[in-house]
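One structure below.
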Amino acid sequence: MSSDTSAPLAEALAAGTVVLDGGLSNQLEAAGHDLSDELWSARLLAERPEALTEAHLAYLDAGADVVITASYQATFEGFARRGTGRAEAAALIASSVELARKAVARARAEGARRPLWVAASAGPYGAMLADGSEYRGRYGLTVAELERFHRPRLEVLAAARPDVLALETVPDTDEAAALLRAVRGLGVPAWLSYTIDGSRTRAGQPLEEAFAPAADAPEVIAVGVNCCAPQDADAAVATAARVTGKPVVVYPNSGESWDADARAWNGRPTFTTEQVARWRASGARLIGGCCRVGPDVIARIARALTGEQGRG
């Protein structure tokens, strides 16, 4: 199932630290692509698929070991609003894995020798709504209803044979419970990653409570946080490691703040390689970046984690 002859990702995490990629959307925007759409980067699955492969390759060239697919907002419901039928939507969702695999193949052709993996992104229900509710949670749906939403897309992604499913930017414990139920029996490992505010989920639950169910989920090979302030990740990494006993995944934002009214980022980045060293010491084994973290930062993370100036 792996993208090359490398060991399964779970084995790599048990043996050491693995570098994740950065924000796909900011790399696409830097290349001149307009993402002002409810489907966000998933729109390019239909319109500019080659752009996604190029963006993945930029992170692999920077030293990332894992690239996350452009399926965060790729849902049957989201595509349906644009008039895309279910069969075509399924094909587009599955293509996100193939486009990432093409980037891995190109990196191999360019001389990359280290193990490389593809993570299929499954964003929260709020990402489909495209109204910012993934940063609030509490949608008014039951766990069973959320499971019914997530399972069909996860089945399509799992059938495309990624190395791991990235259950990411989860805002509350109800959605985490639904996702943990939805991945059962798919035959693909997963990581579970919350978006947080301070020491709580975006919906306000303590992280000790939020992380606990992942400890007993055999499908989950890593648990942690993403799309949060870098400073909030410090305590969260330690908590995830202590509560679950599993490798921790952490990929925060740059530290800049988003002004929803002006639709612009403000402030200065606060993400540093010193934080990366602390996270690793606290149990993080899968480390990268999310919004506004580009290939330059991933390259610094890779050097900090490997002690090398380049990665083969």
Side-chain angles (χ1 to χ4, degrees), residues 1-4 6-14 18 20 42 45 66-79 86-101 104 115-128 134 141-194 210-224 226 244 246-249 285-286:
M1 183 169 63
S2 62
S3 300
D4 48 42
S6 58
L9 182 58
E11 293 181 15
L13 297 180
V18 175
L20 263 176
L45 290 170
V66 182
V67 287
I68 303 174
T69 63
S71 49
Y72 176 81
Q73 261 170 293
T75 63
F76 288 107
E77 294 81 358
F79 281 122
R86 196 167 184 86
E88 184 181 354
L92 289 171
I93 293 168
S95 75
S96 67
V97 176
E98 180 57 31
L99 293 169
R101 289 213 180 282
V104 168
L116 302 173
W117 295 273
V118 170
S121 172
Y125 178 83
M128 179 273 295
E134 69 259 50
L141 301 178
T142 66
V143 171
E145 288 169 330
L146 288 168
E147 181 185 3
R148 285 195 293 273
F149 165 77
H150 283 294
R151 179 75 184 197
R153 175 174 57 153
L154 288 168
E155 288 176 343
V156 170
L157 289 171
R161 307 301 285 172
D163 299 294
V164 64
L165 295 165
L167 314 177
E168 57 179 356
T169 324
V170 180
D172 65 40
T173 55
D174 281 355
E175 187 149 32
L179 284 162
L180 291 177
R181 283 165 48 168
V183 297
R184 289 176 188 163
L186 293 180
V188 180
W191 78 62
L192 176 67
S193 181
Y194 286 93
F211 291 137
D216 299 320
E219 297 84 2
V220 175
I221 61 171
V223 61
N226 77 290
T244 69
K246 293 188 175 185
V248 176
V249 56
R285 295 295 177 265
L286 192 53

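Side-chain N or O atoms of S71 include none that pairs as donor or acceptor with a backbone N or O of A74 at under 3.5 Å. Side chain of R153 to main chain of G123: a donor-acceptor pair is present (N/O by atom type, distance under 3.5 Å, no hydrogens or angles). At distances below 3.5 Å, at least one donor-acceptor pair connects side-chain atoms of T69 with backbone N or O atoms of S121. With hydrogens and angles ignored, the 3.5 Å screen pairs a side-chain donor or acceptor of Q73 with a backbone N or O of A127.
The minimum heavy-atom distance linking L180 with A217 is given by the pair CD2-CB, 4.1 Å. A pairwise comparison of heavy atoms in L146 and Y125 identifies CD2-CB, 3.8 Å as the closest pair. When every heavy atom of L192 is checked against every heavy atom of A214, the shortest pair comes out as CD2-CB, 4.2 Å. When all heavy atoms of R151 and R181 are compared, the closest pair comes out as NH1-O, 4.3 Å. Closest approach of W117 to D163, counting heavy atoms only: CA-OD2, 3.3 Å. In terms of heavy atoms, V143 sits closest to D174 at CG2-O, 3.7 Å.
Not a single salt bridge (charged side-chain N to carboxylate O under 4.0 Å, His left out) links E219 to another residue, sequence neighbours left out.
Using a 4.5 Å heavy-atom threshold, the side chains of V188 and V183 count as separate.
A side-chain contact (heavy atoms from CB on, under 4.5 Å) with L286 is found for exactly one of I221, L13, V164, namely L13.
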